[in-house]
Amino acid sequence: LAQTDVNIGSTGNVAADERVYVTRFEAMLDEATTVGVSVRAGFGTASVPTASSSGIAGMIASHPGLVPGGGFVCGTGSGVIAVGGLGEEPRLTSEAATTGNLHIVVSFFTVDETP
């Protein structure tokens, strides 16, 4: 199935006074997939940021077409690679992984920034 603006970071919503810090993002396609798959992950309260040729605020990672059996990794889990705005969740939009599976791994932590 194609995914549109799916919350990939938690089972609930990030509170308005919390911020998400991502330390690793991984997207992998299994070899059974028969077509390339685009993947975009970013921060938002309802959607992934729109792609732009002049830079994209709120983006975690993006790839225009993963090949079957391939993928990419950003970060090692030991340092911060992306920071969301207050109340924003990590979200994913992707094409369908036809006859196969898209595997997403994201590591992050949240910080309560209540004054």
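- For T98, there are no side chain to side chain donor-acceptor pair (under 3.5 Å) partners two or more places apart in sequence or in a different chain.
- Taking CE of M59 as the reference point, atom CZ of F25 lies at 10.0 Å (rounded to 0.5 Å).
- A distance-only check finds no donor-acceptor pair linking the side chain of R19 to the backbone of V111 [under 3.5 Å].
- Using a 4.5 Å heavy-atom cutoff, the side chains of V73 and R24 are in contact.
- Between atom CD1 of residue I104 and atom CD1 of residue I8 there is a gap of 6.5 Å, rounded to the nearest 0.5 Å.
- Within the 3.5 Å criterion, the main-chain N or O of S94 finds no donor-acceptor partner in the side chain of Q3.
- Across every non-hydrogen atom of V35 and A96, the tightest pair is CG2-O, 4.1 Å.
- Atoms CG and OG1, on L86 and T45 in that order, are 12.0 Å from each other to the nearest 0.5 Å.
- Nearest approach of P49 to G58, heavy atoms of both residues: CG-O, 3.6 Å.
- The side-chain heavy atoms of F43 and V14, taken from C-beta on, include no pair separated by under 4.5 Å.
- Between I60 and V106 the shortest side-chain heavy-atom distance does not fall below 4.5 Å.
- Atom OG1 of T33 sits about 6.5 Å away from atom CG of N101, to the nearest 0.5 Å.
- Between P68 and E31, the closest heavy-atom pair is CB-O, 4.2 Å.
- Atom CG of L29 and atom CZ of F72 lie 10.0 Å apart (nearest 0.5 Å).
- Aromatic ring pairs are classed by plane angle as parallel below 30°, tilted from 30° to 60° and perpendicular above 60°; the pair F109 and Y21 is parallel.
- Closest non-hydrogen pair, T23 versus S107, comes out as OG1-OG, 2.6 Å.
- M28 and V37 fall into different hydrophobic clusters, where Ile, Leu, Val, Met, Phe, Trp and Tyr are joined by side-chain heavy atoms under 4.5 Å apart, directly or via other members.
- Counting only heavy atoms from C-beta outward, the side chains of D30 and H103 approach each other to under 4.5 Å.
- Across A27 and V39, no two heavy atoms sit closer than the pair CB-CG1, 4.3 Å.
- Panel note: side chain T99, backbone A32; a donor-acceptor pair is recorded below 3.5 Å.
- In this structure, the side chain of D5 engages the main chain of V48 through a donor-acceptor pair within 3.5 Å.
- To the nearest 0.5 angstrom, E18 atom CD is 10.0 Å from E89 atom CD.
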